[in-house]
Amino acid sequence: MAHTRICDLPLNVGLGFVPAGPSEYPRRIMSHTYDYTGIEARWQGIWEQRDTFRALNPGDEGFDGGKPKYYVVDMFPYPSGVGLHVGHPLGYIATDIVARYKRMTGHNVLHPMGYDAFGLPAEQFAVEHGVHPKITTDKNIANMTRQLKRLGLSYDWDRCVETTDPGYYKWTQWIFLRLYKSWFDPVAQKARPISELVQALEAGDYDIGADGSLVADTAGGALDTLGGVEPGARKWTELAPDQQARLLDEYRLAYLAEVPVNWCPALGTVLANEEVTNEGKSDRGNHAVYKRPMKQWMLRITAYCERLADDLGMVDWPEPIKLMQRNWIGRSEGAEVHFPLAFGSAESSEDVITVFTTRPDTLFGATYMVLAPEHPLVESLTTDEQRQAVNDYQKQAATRSDIDRQAETKQKTGVFTGAYALNPVDNDKVPIWVADYVMMGYGTGAIMAVPAHDQRDFDFAKQFGLEIKPVVLPTQDWMKSHAPEGCDKEDAHDLMAHYVAAADTFDAAFGGMGAGINSENAEVSLNGKLTPEAKDAMIGWLKQRGFGKGTIQYRLRDWLFSRQRYWGEPFPILHAPDGHIVPVPEEDLPVALPEMEDFKPSASDDPDAPPQTPLSRAPESWKYVEVDGVKYTRELNTMPQWAGSCWYYLRYLDAGNDERFVGKEAERYWMGDNGLDLYVGGAEHAVLHLLYSRFWHKVLFDLGHVGTAEPFGRLYNQGYIQAYAYTDKRGVYIDAEKVQEEDGKFTAGGEPVSREFGKMGKSLKNAVSPDEVCEQYGCDTLRLYEMYLGPLDQSKVWSTRDIVGVHRFLQRLWRNFVDEETGELLVVSDKADESLKRKLHKTIKRVTDSMDAMAFNVAIAALIELNNELVGIKTIPREVAENMIPLLAPSAPHICEEIWKRMGHDDSISTTDWPTHDPAMLIEDTAEYPVQVNGKLRGKVTVPTDADDAAIEAAARGDENVAAHMDGKTVRKVIVIKGRLINIVVG
RNA sequence: GGCCCUGUAGCCCAAUUGGCAGAGGCACGCGACUUAAAAUCGCGCCAGUGUGGGUUCGAGUCCCACCAGGGCCA
């Protein structure tokens with residue numbers, strides 16, 4: 001498929017400079033001052049001309065397989081209409097420095113860039129302005145590419161990917177089909193082709209249980225996780241073909257399901273849980289979101305919960321990000337407990353309420369049960385007397401948001417169903433209530449309430465006068481601070497007696513761990529057992545008696561994968577008239593988006609408005625496909641924005657491949673054993689993109705399409721660039737550029753404004769464009785400034801005022817190397833003197849260490865220091881110049897290329913070897929030791945570097961002031977730390 | 001409410017990971033150059049590390065509590 005990608009368009013630096021070939025390198029320049037504009041445009045032209053940063057794949061001509069690989073990727077941007085502000089390139093500059101540094105240390109470096117171009121803003125802009133999203137997207141990509149190229153970033157632009165490119169989303173669709181055509185084998189804990197499930201079923205390895213679960217046909221316990229032996233199990237061969245098809249759909253990793261979804265009428269689409277804020281609003285646009293059932297595509301990410309959590313152990317990521325992912329996955333260990341209904345027979349599942357609890361050890365204290373208002377059993381359980389009250393309550397609950405319902409401070413509400421269940425441990429009748437503090441979406445939508453040991457249950461029980469039975473003995477301290485008036489808080493026995501007799505008189509529930517009390521039946525006793533032990537004992541008993549089992553519960557839900565949008569990937573799916581689903585044959589991919597005039601989503605204020613996808617208005621010729629005389633309808637939803645970003649790092653490896661999503665050899669080489677060597681982006685993607693992406697990667701791994709279990713071996717989060725923002729007296733943001741400062745007061749147009757502070761961006765009107773800075777100071781200055789602001793992973797404040805600091809550094813560097821009067825190079829073949837040489841080697845070490853630690857601010861500081869040293873001398877010894885310029889080259893590549901060229905090198909500095917320091921040059925002949933007496937600095941002594949501890953100690957004792965402080969006291973201890981200090985402890 | 005991160009000079013930040021608190025930049029002051037200013041060059045200025053405890057011969061660094069700012073989850 002022939003198509004022109006926007007990022008293929010030629011460089012337009014907008015400076016009237018037409019890139020010249022290397023042979024046309026200008027020999028004479030009019031002015032000899034630091035002409036960053038000319039230098040930067042010239043070198044950017046040369047790099048582009050020479051393909052300097054093209055990365056070779058195995059098999060390419062000139063590929064050197066002997067070098068180690070280094071694959072470094074930025075989280076690719078959304079091509080927004082306003083272009084880049086200086087906050088965006090923070091990470092890009094950092095990865096560029098790493099890429100350039102790694103090239104110089106002998107690595108094959110792959111450093112690509114692309115665009116995540118599907119999504120709401122382009123579509124919304126298109127709707128508002130009547131322009132096709134393709135046109136705005138292309139325009140924005142062209143602009144951002146121009147901005148990025150102007151920063152001198154060493155991307156291999158030949159590998160640029162755009163998620164909206166049919167040549168790209170062909171493979172997004174292909175991967176979707178991999179998910180559709182796979183199932184998750186819970187025994188092997190991996191995805192397998194669905195055809196293997198069919199084979200297993202045909203071979204009779206599994207039977208089908210009454211509830212559709214697979215039941216191992218063998219007696220062995222290995223397949224236990226698939227479900228217990230069920231009496232109503234049927235053979236695969238007994239099923240009708242459509243039943244077989246439906247059964248398979250139950251196991252696919254991509255499946256259609258009628259599920260309660262987050263419906264946002266204002267956006268006219270559904271949203272994933274991850275796209276809904278805590279306030280129950282849409283992440284984008286802050287519109288109201290409602291729960292409603294809809295038939296949607298889902299991806300079975302929950303099958304991978306365990307591996308997604310466990311495999312975080314094998315990647316080098318910031319701990320807080322790992323923690324956030326673990327929290328999001330939300331693994332909790334506990335037990336599933338079946339409560340028989342008081343008047344049921346407990347023979348079939350309908351007569352049982354199943355709950356999940358993390359505290360099975362408190363089962364003896366379960367004095368009532370609560371169902372979520374949406375729980376399917378509410379209808380059948382409720383007695384006639386209570387029906388009216390329950391129905392009213394359900395209606396009322398539907399209007400409250402989940403957050404509202406879960407707030408612990410809020411007063412609890414609820415209503416009795418009139419029905420009872422039996423606590424399996426003692427056959428006590430426990431009332432079944434309906435209350436909205438229990439969510440249908442988590443666990444089973446039903447809980448056993450243990451009011452003595454759960455605060456929400458405690459509040460509820462107090463409010464409705466339900467029994468509070470303590471079954472865990474709290475700590476002394478806890479009882480002391482929560483005991484009611486009238487009991488002796490200093491008397492442990494009195495406290496305990498009070499608690500056991502009347503836990504409801506205490507002012508809170510005890511949720512901690514402790515010894516069991518009141519927990520005994522004929523077969524099991526938890527009394528005296530500590531919580532973990534008690535849990536095990538209870539789970540053992542439950543399992544033995546068939547009342548439950550130990551399970552692991554996850555917070556993560558399956559991924560809602562349909563959107564009612566135009567500007568997204570179409571699904572490669574056809575619907576037959578009889579409702580069954582047929583995947584589009586892979587040779588027919590991509591299913592291209594149809595050309596459409598009207599692609600507006602059907603937005604509405606009415607939460608009950610029926611969802612209508614833009615593609616339902618597509619031309620008939622697109623919507624319907626006839627195969628073998630059957631008229632199929634295409635799937636009319638599109639994929640969410642996250643789809644394209646799930647795998648782009650794989651496409652970079654082999655961007656032009658029309659045969660495969662990525663060539664095997666390219667994938668094996670660049671992904672290596674641990675995936676990406678460095679992945680840099682904002683922490684805001686901690687739980688969305690990074691989780692989805694890992695999930696897809698694992699599926700591809702299971703199916704043998706990629707060779708690593710994890711995609712991103714190392715992750716690094718850059719901080720945000722923040723900036724001052726200003727509001728007028730109405731609280732409206734004012735353009736930061738219009739604000740003036742006088743005597744610490746801020747005004748705009750004569751009106752006083754107040755200063756705030758926040759992440760740079762359009763909404764706070766405090767964005768600074770990199771174009772402005774490049775024009776005024778050059779991009780080398782911008783690059784240095786952004787790195788010099790502070791540690792990369794921390795947020796820092798943009799201050800245009802401070803840019804001059806690094807700019808002065810570059811000017812000073814220029815003057816150190818080039819005579820501004822004559823343009824003459826000031827590098828000479830003289831030897832450097834000893835102290836300068838030492839300084840140089842110290843700098844090499846410091847810069848190298850800092851580069852490895854990604855502490856670019858420190859690396860730059862070290863180079864400024866060395867440069868300041870050179871200010872004092874008229875000419876630069878070549879041995880200094882030859883080392884110093886390469887040290888700076890990754891950070892400020894343009895000026896370094898220019899000086900390098902003038903020093904007589906014809907090759908780009910980017911291919912030069914990174915300097916190495918001579919350890920001998922770091923060793924001084926003598927060392928100065930601070931001498932402490934009792935930890936306080938009392939003197940300094942200078943001794944030969946190779947002096948032994950005794951000699952150092954002797955020298956220290958010889959110091960006059962030290963001796964004075966030791967006078968008349970006994971020396972208790974002498975600590976001599978080689979190369980550090982001496983501490984004499986006296987007393 | 002829980003968890004995580006951060007707190008060093010007027011400001012941004014270093015500190016070899018437990019070893020002399022100061023590398024660098026900004027701002028400021030003085031001087032040189034200049035008719036003058038800018039630029040440039042030179043010199044100088046300033047904190048005991050948010051607060052209170054603890055561990056240690058020794059704490060910016062480790063532990064506990066609190067305070068402030070930021071983030072994530074409720």
Side-chain angles (χ1 to χ4, degrees), chain A residues 33-34 274 277-279 318-330 401-410 439 442 455-456 511 555 682-688 717 719-720 722 744 757-759 784-785 787-809 811-812 814-816 820 839 842-843 845-847 849-850 853 855-869 871-872 922 927-941 971-987:
Chain A
T33 54
Y34 171 39
E274 290 83 346
T277 64
N278 287 340
E279 287 72 39
E319 280 306 321
I321 299 293
K322 288 190 186 181
L323 196 66
M324 277 158 65
Q325 286 225 348
R326 287 203 184 95
N327 287 343
W328 191 262
I329 295 166
S401 77
D402 284 7
I403 298 309
D404 205 21
R405 286 167 58 170
Q406 285 176 58
E408 281 188 20
T409 50
K410 294 275 165 60
M439 307 290 143
Y442 183 70
Q455 190 60 41
R456 288 165 307 176
R555 200 187 80 103
E684 70 270 22
H685 292 114
V687 290
L688 298 168
N717 296 114
Y720 299 116
Q722 299 182 305
F757 182 65
K759 187 176 162 187
L784 284 184
Y785 176 65
M787 293 302 103
Y788 195 58
L789 268 171
L792 186 61
D793 57 357
Q794 268 164 48
S795 291
K796 44 238 142 174
V797 187
W798 181 268
S799 167
T800 305
R801 197 173 65 169
D802 294 345
I803 297 175
V804 294
V806 282
H807 190 60
R808 280 180 196 150
F809 161 54
Q811 286 183 316
R812 206 173 294 158
W814 183 260
R815 283 197 308 271
N816 280 339
E820 289 194 302
K839 182 79 187 169
K842 257 169 90 174
T843 305
K845 173 152 172 46
R846 219 170 137 208
V847 172
D849 290 349
S850 304
F856 305 117
N857 52 330
V858 184
I860 295 164
L863 285 161
I864 292 176
E865 209 179 317
L866 178 61
N867 191 51
N868 288 347
E869 201 95 338
V871 167
L922 302 186
E928 190 187 56
Y929 280 83
V931 183
Q932 296 179 340
V933 178
N934 285 349
K936 287 198 169 57
L937 185 65
R938 296 302 182 194
K940 291 189 179 184
V941 294
V971 175
R972 305 211 177 272
K973 203 170 180 181
V974 178
I975 294 131
V976 178
I977 310 290
K978 200 111 189 150
R980 296 267 184 265
L981 54 50
I982 304 145
N983 190 11
I984 301 169
V985 186
V986 296

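Labels below follow one simple rule: chain letters A, B, ... track the order of the sequence lines, proteins then strands, and each chain is numbered from 1.
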key: Nucleotide B/G18, atom P - distance to CD1 of A/I982 in whole Å   = 21 Å
task = Figure out the CD/P separation between A/Q325 and B/C4, and round it to whole Å.
result = 18 Å
key: With A/H685 via side chain to side chain donor-acceptor pair (under 3.5 Å) - residues at least two apart   = none
message = So, using salt bridge (charged side-chain N to carboxylate O under 4.0 Å, His left out) as the criterion, who are the partners of A/K978 when residues are at least two apart?
response = none
inquiry  = Going by purine N1 to pyrimidine N3 plus the second Watson-Crick contact, or the G-U wobble pair, all under 3.5 Å, which nucleotide sits opposite B/C33?
reply    = none
inquiry  = What is the separation between atom CZ on A/R555 and atom C1' on B/C3, rounded to the nearest whole Å?
reply    = 13 Å
ask   = By side chain to side chain donor-acceptor pair (under 3.5 Å), which residues pair with A/D849, not counting sequence neighbours?
value = A/K845
key: Counterpart base for B/G44, defined by Watson-Crick or G-U wobble contacts under 3.5 Å   = B/C28
query = So, is B/U17 syn or anti if syn means the angle is within 90° of 0?
reply = syn
key: Gap in Å between the two C1' atoms, one belonging to B/G44 and one to B/C3, rounded   = 47 Å
key: side chain to side chain donor-acceptor pair (under 3.5 Å) against A/N867, all qualifying residues, sequence neighbours excluded   = A/N816
note = The residue, A/Y929 or A/A683, whose nearest nucleotide of RNA chain B is more 5′ is A/Y929
ask   = Under 4.5 Å between any side-chain heavy atoms of A/Y785 and A/H807, yes or no?
value = no
message = So, using side chain to side chain donor-acceptor pair (under 3.5 Å) as the criterion, who are the partners of A/D793 when residues are at least two apart?
response = none
inquiry  = In the structure I gave you, are the side-chain heavy atoms of A/L866 and A/V847 within less than 4.5 Å of one another anywhere?
reply    = no
request  = Using only side-chain N and O atoms of A/N868, determine if any of them is under 4.0 Å from OP1 or OP2 of B/G25.
outcome  = yes
request  = Ignoring backbone atoms, test whether A/N857 places a side-chain nitrogen or oxygen under 4.0 Å from the OP1 or OP2 oxygen of B/A14.
outcome  = yes
task = Report the glycosidic orientation of B/G53: syn if within 90° of 0, anti in every other case.
result = anti
Comparing A/L937 and A/R846 on RNA chain B - which has the more 5′ nearest nucleotide = A/L937
inquiry  = Using the C1' atom as the point on both nucleotides, what is the distance between B/G58 and B/A68, in whole Å?
reply    = 29 Å
Options B/A27, B/C57, B/C73, nucleotide nearest the side-chain atoms of A/V804 = B/A27
query = Across the strands shown, which category fits A/L323 at heavy-atom distances under 4.0 angstrom: base, sugar-phosphate, nothing?
reply = sugar-phosphate
task = Identify whether any heavy atom of A/I864 sits under 4.0 Å from a base atom; if not, whether one sits that close to sugar-phosphate; answer base, sugar-phosphate or nothing.
result = sugar-phosphate
request  = Give none if B/U16 has no partner; otherwise give the nucleotide forming a Watson-Crick or G-U wobble pair with it, both distances under 3.5 Å.
outcome  = none
Protein N or O to nucleotides 6-12 of chain B N or O, pairs below 3.5 Å:
residue	atom	partner	partner atom	Å
B/C12	O2'	A/L789	O	2.9

Between the protein and nucleotides 37-40 of chain B, which nitrogen or oxygen pairs are less than 3.5 angstrom apart?
residue	atom	partner	partner atom	Å
B/U40	O3'	A/R815	NH2	2.9

key: From A/N868 atom CG to A/K839 atom NZ, the distance as rounded to the nearest 0.5 Å   = 9.0 Å
Residues in side-chain contact (heavy atoms from CB on, under 4.5 Å) contact with A/Q794, at least two apart in sequence or another chain = A/P791
task = Mind checking A/P791 for me? I need base, sugar-phosphate or nothing, with any heavy atom below 4.0 Å counting as a touch.
result = sugar-phosphate
ask   = What residues form a salt bridge (charged side-chain N to carboxylate O under 4.0 Å, His left out) with A/R846, not counting sequence neighbours?
value = A/E865
task = Nearest whole angstrom, please: distance from the C1' of B/U16 to the CG of A/D849.
result = 8 Å
request  = Go ahead and name the base partner of B/A74; Watson-Crick or wobble counts if both distances stay under 3.5 Å, otherwise write none.
outcome  = none
